[in-house]
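Proteins come first, then strands; the chains are lettered A, B, ... in the order of their sequence lines, and each starts at number 1.
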Amino acid sequence: MGKAIVVKKKAGTAKAGIKKASGALSVEVAGIKFKNPVLTASGTFGYGIEFAPYTDLNLLGGIVVKGLSLRPREGNPGPRIVETPCGMLNAIGLQNVGVDAFIKEKLPLLKKYKTRVIANIFGETIEDYAEVASRLEDAGGVDAIEVNISCPNVKKGGIVFGTDPKEAFKVISKVRSSTGLPVITKLSPNVTDIKVMVRAVEDAGTDAISLINTLTGMVVDVEKRRPVLATATGGLSGPAIRPVAVRMVWQAASVAKTPIIGMGGIMTAKDALEFIIAGASAVQVGTANFVDPDAAAKIVSGIEDYVKRHSTTVRELIGSLKM
Amino acid sequence: MGKAIVVKKKAGTAKAGIKKASGALSVEVAGIKFKNPVLTASGTFGYGIEFAPYTDLNLLGGIVVKGLSLRPREGNPGPRIVETPCGMLNAIGLQNVGVDAFIKEKLPLLKKYKTRVIANIFGETIEDYAEVASRLEDAGGVDAIEVNISCPNVKKGGIVFGTDPKEAFKVISKVRSSTGLPVITKLSPNVTDIKVMVRAVEDAGTDAISLINTLTGMVVDVEKRRPVLATATGGLSGPAIRPVAVRMVWQAASVAKTPIIGMGGIMTAKDALEFIIAGASAVQVGTANFVDPDAAAKIVSGIEDYVKRHSTTVRELIGSLKM
Amino acid sequence: MEARSREILYNEGVAPGYFRLGLRWKGAGIRPGHFVMVRVSDGLDPLLRRPLGVYRVGHGTVELLYAVVGKGTEILSKKMPGESVDLLGPLGNGFTLPAKGHRAVLVAGGMGIVPLYMLAKKVKKSVLLFGARSAKEASVADDFKGLGINIKIATNDGSVGKKGLVTDLLQDEIRPGDIIYACGPVGMLKKIATIAAHAGVSCQVSLERSMACGIGVCLGCAVKASSHKEASNRNYRMVCSEGPVFDSEDIDWERL
Amino acid sequence: MEARSREILYNEGVAPGYFRLGLRWKGAGIRPGHFVMVRVSDGLDPLLRRPLGVYRVGHGTVELLYAVVGKGTEILSKKMPGESVDLLGPLGNGFTLPAKGHRAVLVAGGMGIVPLYMLAKKVKKSVLLFGARSAKEASVADDFKGLGINIKIATNDGSVGKKGLVTDLLQDEIRPGDIIYACGPVGMLKKIATIAAHAGVSCQVSLERSMACGIGVCLGCAVKASSHKEASNRNYRMVCSEGPVFDSEDIDWERL
Ligand SMILES: Cc1cc2nc3c(=O)[nH]c(=O)nc-3n(C[C@H](O)[C@H](O)[C@H](O)COP(=O)(O)OP(=O)(O)OC[C@H]3O[C@@H](n4cnc5c(N)ncnc54)[C@H](O)[C@@H]3O)c2cc1C
Ligand SMILES: Cc1cc2nc3c(=O)[nH]c(=O)nc-3n(C[C@H](O)[C@H](O)[C@H](O)COP(=O)(O)OP(=O)(O)OC[C@H]3O[C@@H](n4cnc5c(N)ncnc54)[C@H](O)[C@@H]3O)c2cc1C
Ligand SMILES: Cc1cc2nc3c(=O)[nH]c(=O)nc-3n(C[C@H](O)[C@H](O)[C@H](O)COP(=O)(O)O)c2cc1C
Ligand SMILES: Cc1cc2nc3c(=O)[nH]c(=O)nc-3n(C[C@H](O)[C@H](O)[C@H](O)COP(=O)(O)O)c2cc1C
Ligand code: FES
Ligand code: FES
């Protein structure tokens, strides 16, 4: 009898566990509730819908679409990518269909899924950024805007918004005032002190911060004595950069007043948990989607296993690093 | 007959090739002639002599010894290292025997080998740097000094010399005036714009520049919810960082007036050639020494094969990147 | 259209450095010109999948044919029967079959032979021109015997067939109304595109580009479209999702 | 003392997750307590060599015994006879044999048994206390039969020997004049160090630390020396070159 009760209890706990777990995974970032902390990273998941044949989009906490600009962009000449040790370089050149085509052709399809939609945006001028943000708000169906500031400001001699706190402040202030949608600022890791950038974009009114974008890198073809990429340099992503990303998320979290979304080389649930424990409220999965189009969904279930095993919640794990 | 002549010619060329090749490998950096461009990186090759059982030290262009400070240093508590994807983090804490013990116990043994000896130095204050440099000059037998500026200045609230152009200028100026030995400044990659650092240390009178030191990174133990390293963060090295290193060497070379020594993730001759073609006059091999204690010697012979195959010299290859 | 582990039935050397990889795979729905993205290692390096064309399809089996050229294919070549390998596919748009009355001229350079086998099975009364580096490589053409296709070989060393380039064979072979189907090194394809243009015949080429995703999302495998195909933001074509087969007229060969 | 490729003679599972790796290796000059650094892959990931103790030495052969715990040992476990593996070693300072008249008490936890086999062969009339998780793991102790050593086993589940911890066995076993030789998890070694101190017997422990080089140059494998051993810059000991065997009194167990 005693035994039977124990068994019953266990079964009960397990079921309750499953129910509890779905709540156990949810997080809030920039005022938005995500059912779990796993998003897909911009530029690695197309406009979302392309992955429907390979994974269940409804399982994801959110989808961040390919960076959108005011006008369509054709991108860079090839070669645009090259594999590197435990990583890859890309120089896609921000090819995209443009914000209007996104709203007309992609968004209606994407809206059908039970997941958050975040539009990643960029521009060559501050005005471009603002205009894209405002069109996306008008369109409806976008839950938040992620502002990629790792782009050169053509009006300022090509200085990259994301490596200059003053420029970053200006562009985020402008986007902030152009839209009622939550604004997430995506930081570049190619800076001396990430904390300075965190403060600048928080002062400008960002609702959350995501990092890291890619590290700038180069590969040389020693036989041709040319850079492999047509643009010489490109952005390094993948597991190679994870230790740098975790460190920057930890540093950012130590000063940030807004929530942090961490990314850079996440391949497994364990990797995602490193970011969460270091201070991220959510994570994004990037390059891993190329290796396994079902990677993000697998990471969700791996995190679920972990929180069950440790009888905890993702919310409790955020920034739980002991020193 | 015609054929016989061709064969003879080939044989002749091959022999001449070998002779030529030894000259074909030599480079000059900071006024010093190196028989080949392959040096071992500080902290990865001990005081050099430890590798004598595993490789022929006479084959190396030069040996950069473990960073030396004025007084012996005990280093950080453990764990001090952790493996990462295609790389490793270290937080050794600059443990070393101190400059005096180096001069007394290590240098006499190292001097016996037919290779250049470069002393890597660091300090907690500008005065420490200068004193170490001057003692090394007095000792004799050191060919050059490599100044590691990726250290916090304790007098300036721990700001890292190598991430602040003003501090870097000050410490290099002081070292420059404290020694007649050639001064190589080793730059940190954890900066927004490496070109600013290049200009600062060149203005301070450095004779050459080496880069990159490690990228700051962190690994979290998700079961213990602690950083794996006792010091939380450490320096990322190994092939993972190579694309970042090649990019920075290329950027540095684009503005530098002094020669550049490139490093970061070099495992093979092909990797070394990426740096040389991107603008480095010499290279350093670091983490690879742990994987294969004979790695640097193998890289020398791989470069020799390449220059023969392409009927060129290392000097011609330096900065030969076509855009 | 899914990433899935497939059992290896055989993985045998055909010639030095060339392997046939047989996989258990039912109902693959593969058409001539399709390819797959192969995960050669569960580890983190090499990180990306490798694109490989589908060579032959049997009853519940699929055969790939590949050359060992770098670390990915090297790792693949060491896999043993009974192990499995993770494949994503079939991917891409295959060849468009010739309209009635047109003869198909298949032109392959080296491993470019791969996508042409399934095509050769569908286009009777056609000819295969195969450029190989050596007799060993040329021996792959034996697979095509019995398909009712006329086989002509050119080798660099003249050890089998004509000594010279496969494009020389094509010059002699091509007739008005033919359709060329070509796969191989870029230099060869470029020449073939020119030959096709001069002869006024239509020509489909299967291109190779480094790929990260294979499904049209990373935008890494772009090739420039020829100017008559340019549009505001459509100057590039993705080899994985819009190709790998293209009409040779649609490609900007100067920028390839 | 060189990095060299060694032919694999066998690589067999002993118990689930445990493997014996036999290598052709002549004139190895290995003493009890020595280890080797094994390069499990020619690739870049995993990057670092793995430290493994030497288990047994035969005529021109060396046997390692290892548990699969992560990706490095996983890769190693898939290697086949006839392949080869690159080893650096023998490395480290081994055990100091007991002076005449002292009994050796060997204490092993799990894979900590490895360095004790060669020691057991040298110290007759000694006792081996072996703590294993299961009967399967405990079966490794069979190798010690016939060495003339007294074997006592403790298992977590009591399936073989005493149910409990090997340190309980040690408490009962230890006598003045004994010398303890121990290898296993840190928690176990810590306890043993305390037991040894209380009993006033000398104790040598073989430690494990993450290693990059294995030859004393990276300074990565540091452990803190106990305060009576501290000196200006000598507060740390390198496990690879100054160990892996240490006198338990020389280690600062609080900071391990
Ligand atoms: C659509 C398509 C179909 C192909 N079909 C076949 C086939 O059936 N048989 C065959 O032997 N080869 C085929 N290839 C070429 C094959 O993909 C490469 O040989 C392979 O990727 C090399 O990988 P590696 O790791 O051995 O070489 P490495 O040089 O180490 O590869 C480094 C990186 O470059 C990429 N790469 C290198 N060469 C090529 C190439 N020629 N094309 C695309 N990417 C490359 C790799 O995928 C990898 O990302 C095909 C390529 C494409 C695009
Ligand atoms: C001197 C010495 C002798 C050893 N002898 C044996 C032996 O005979 N048999 C045996 O099964 N194991 C032995 N070990 C432990 C063995 O080194 C680890 O189990 C192995 O390195 C794990 O590698 P992995 O890639 O499978 O695990 P992972 O967890 O993937 O390894 C990640 C990193 O951590 C390191 N690491 C993980 N666990 C350990 C550990 N316990 N000790 C040191 N480094 C670790 C790895 O070397 C690697 O750098 C010994 C360790 C040392 C230091
Ligand atoms: C092919 C590719 C395209 C990308 N495009 C964008 C983009 O359009 N906008 C953006 O903000 N980040 C872009 N990124 C950066 C990723 O969103 C992410 O920040 C980075 O890749 C690090 O994460 P990962 O290592 O998981 O890939 C791109 C990355 C890759 C690999
Ligand atoms: C264990 C370890 C210790 C190091 N110690 C030093 C040091 O004392 N001084 C220094 O300037 N650089 C030190 N470095 C940095 C290396 O010299 C080199 O700049 C860096 O590792 C990048 O090269 P790699 O990827 O080839 O290792 C150390 C690196 C490692 C891995
Ligand atoms: S490989 Fe990613 S778009 Fe073609
Ligand atoms: S492992 Fe490098 S010093 Fe011990």
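Scanning for side-chain hydrogen bond (donor to acceptor under 3.5 Å, both in side chains) contacts around B:T268 gives B:D271, with sequence neighbours left out. Contacts of D:N93 classified as side-chain hydrogen bond (donor to acceptor under 3.5 Å, both in side chains), with partners at least two apart in sequence or in another chain: none.
One distance of note links CG of B:D292 with CZ of D:R49; it measures 6.5 Å at 0.5 Å rounding. Note: D:L219 CG to B:R73 CZ = 12.5 Å, rounded to the nearest 0.5 Å. Taken from SG in D:C213 to CG in B:N289, the straight-line distance is 10.0 Å, to the nearest 0.5 Å.
For B:Y47, no part sits under 4.5 Å from any heavy atom of chain D, backbone or side chain. Using a 4.5 Å cut-off between heavy atoms, D:M211 touches chain B through its backbone atoms (N, CA, C, O) alone.
In terms of heavy atoms, B:V291 sits closest to D:L47 at CG2-O, 3.4 Å. Residues B:I92 and D:C218 approach most closely at CD1-O, 3.2 Å, considering heavy atoms.
A 4.5 Å side-chain heavy-atom check between D:Y236 and B:N76 finds every atom pair outside the cut-off.
Other residues, nucleotides and ligands contribute over 12 non-hydrogen atoms within 6.0 Å of the NZ atom of D:K79. Within 6.0 Å of CG on D:D157 lie more than 12 heavy atoms contributed by other residues, nucleotides or ligands.
Interface check for chain B: of the options D:A212, D:A222, D:P46, D:S210, the most heavy-atom pairs under 4.5 Å are formed by D:A212.
Within residues 77-91 of chain B, the residues that have a heavy atom under 4.5 Å from a heavy atom of chain D are B:P77, B:G78, B:P79, B:R80, B:I81, B:E83, B:T84, B:P85, B:C86, B:G87, B:M88, listed by number. Interface with chain D: from residues 100-113 of chain B, no residue qualifies, criterion being any non-hydrogen pair under 4.5 Å.
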